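Worksheet: the structure to be examined is printed underneath.
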Amino acid sequence: MENFETYPALMSLLDRRYSCRAYDTDRVPGRDILGAVLDAARIAPSACNRQPWLFLVVEGDHARDIIARAYAREWIRTAPAFIIALGDHQAAWHRAADGKDHADVDVSIAVEHICLAATALGLATCWVCNFDTDVIRRAYDIPAHLEPIAILPIGYPAPGSPVPAKVRKDNSDIIRWGSL
């Protein structure tokens with residue numbers, strides 16, 4: 001196998017990423033670190049390079065209150081910052097055959113770039129997709145063509161907080177070669 005020198009490091013990074021549900025409220029990542037994390041989204045691929053995304057970073061008690069109204073889980077209040085990933089349906093590529101809007105797909109790729117960059121920098125994240133989009137839309141005056149797709153709490157993990165065990169399907173359950 002050639003060109004596999006960096007593969008172990010990549011797999012280690014992928015394995016270290018987890019859905020954090022307890023953050024160190026005393027340690028807030030600086031804008032330089034958050035900027036570096038968000039730069040990973042900037043270089044993410046998208047359909048026809050449309051880059052149909054916008055990332056709104058919100059911090060502090062007011063943001064925490066808004067996010068907690070949209071997503072009623074107490075652990076969310078421990079995060080010092082949040083990245084709200086917005087999909088731009090006007091900018092997104094639409095597949096000609098059926099009109100499928102690729103904003104969700106493109107934003108998801110960029111969000112996972114953010115999660116991996118955060119992990120590489122010692123931060124933790126958690127994909128939050130089950131939230132009241134209307135709360136977010138109203139609180140941040142988000143126009144109709146932008147859809148709140150995910151909220152990423154981001155920060156340093158709380159000291160001593162457990163990292164959940166990963167339970168994943170076996171490759172034989174998810175891969176087929178040549179036919180189903």
Side-chain angles (χ1 to χ4, degrees), residues 5-46 51-88 103-133 135-137 139-140 142 146-168:
E5 307 86 41
T6 59
Y7 186 75
L10 172 65
M11 290 305 287
S12 175
L13 177 66
L14 295 173
D15 193 50
R16 286 194 326 266
R17 194 222 59 80
Y18 70 99
S19 295
C20 180
R21 291 181 176 87
Y23 295 86
D24 186 344
T25 56
D26 294 330
R27 285 185 73 197
V28 179
R31 287 205 171 177
D32 56 334
I33 294 174
L34 290 175
V37 167
L38 288 160
D39 196 43
R42 184 185 60 79
I43 63 172
S46 63
Q51 304 168 57
W53 49 59
L54 183 65
F55 300 96
L56 175 62
V57 180
V58 296
E59 304 168 279
D61 290 338
H62 182 66
R64 206 173 281 113
D65 290 342
I66 291 167
I67 300 296
R69 276 200 324 268
Y71 180 72
R73 306 292 191 289
E74 196 55 36
W75 68 263
I76 199 84
R77 290 184 173 279
T78 66
F82 305 90
I83 299 170
I84 301 170
L86 305 168
D88 185 336
D104 286 0
V105 173
D106 293 341
V107 169
S108 295
I109 295 167
V111 165
E112 191 57 16
H113 272 54
I114 289 170
C115 291
L116 293 172
T119 300
L121 292 170
L123 298 170
T125 59
C126 181
W127 277 76
V128 174
C129 298
N130 180 20
F131 63 94
D132 186 335
T133 59
V135 169
I136 300 300
R137 187 177 294 286
Y140 295 108
I142 297 171
L146 294 176
E147 176 191 0
I149 292 176
I151 299 172
L152 292 176
I154 187 167
Y156 296 97
S161 63
V163 175
K166 287 191 178 186
V167 178
R168 297 294 187 261

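Fair warning: this is a prediction, and the values are worked out from it, not measured in the lab.
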| Contact summary for L116 and L13, nearest pair of heavy atoms | O-CD1, 3.7 Å
| remark: Between L123 and the options P29, C115, P157, the side chain to side chain contact (heavy atoms under 4.5 Å, CB included) test singles out P29
| task | Work out which heavy atom in P80 is nearest to a heavy atom in R64; give both atom names and the distance. | result | CA-NH2, 3.6 Å
| task | Could you grab the distance from atom CG of L54 to atom CD1 of I149, nearest 0.5 Å is fine? | result | 11.0 Å
| message | If I take atom CD1 from residue I83 and atom OG1 from residue T125, how far apart are they, to the nearest 0.5 angstrom? | response | 8.5 Å
| Taking atom CZ of F82 and atom SG of C126, what is their separation to the nearest 0.5 Å? | 11.0 Å
| field | Which atom of A41 lies closest to which atom of W53, heavy atoms considered | value | O-CZ2, 3.5 Å
| request: Side-chain contact test, heavy atoms from C-beta onward, threshold under 4.5 Å: evaluate it for I67 versus I136 and give yes or no. | output: yes
| request: Report yes if the side chains of R73 and V128 come closer than 4.5 Å at any heavy-atom pair, otherwise no. | output: no
| Atom CG of L152 and atom OG of S19: how far apart are they, to the nearest 0.5 Å? | 10.0 Å
| said: Measuring from atom OH of Y18 to atom OG of S161, what distance do you get when rounded to the nearest 0.5 angstrom? | reply: 4.5 Å
| query | Shortest non-hydrogen contact from R27 to Y156? | reply | NH2-CE2, 3.4 Å
| said: Is the shortest side-chain heavy-atom distance between K166 and D15 below 4.5 Å? | reply: yes
| query | Can you tell if the side chain of V57 reaches within under 4.5 Å of the side chain of R31, non-hydrogen atoms only? | reply | no
| Any side-chain heavy atom of I66 sitting closer than 4.5 Å to one from Y140? | yes
| Does R137 reach the main-chain N or O of L146 with its side chain, forming a donor-acceptor pair under 3.5 Å? | yes
| query | Can you tell which of I76, V28, I154, T78 makes a side chain to side chain contact (heavy atoms under 4.5 Å, CB included) with Y23? | reply | T78
| Minimum heavy-atom distance S46-P52, with the two atoms named | CB-CD, 4.1 Å
| said: Let me confirm one number: the CD1-CG distance from I33 to L38, rounded to the nearest 0.5 Å. | reply: 12.0 Å
| note | For A85 and V111 the tightest heavy-atom approach is CB-CG2, 3.6 Å
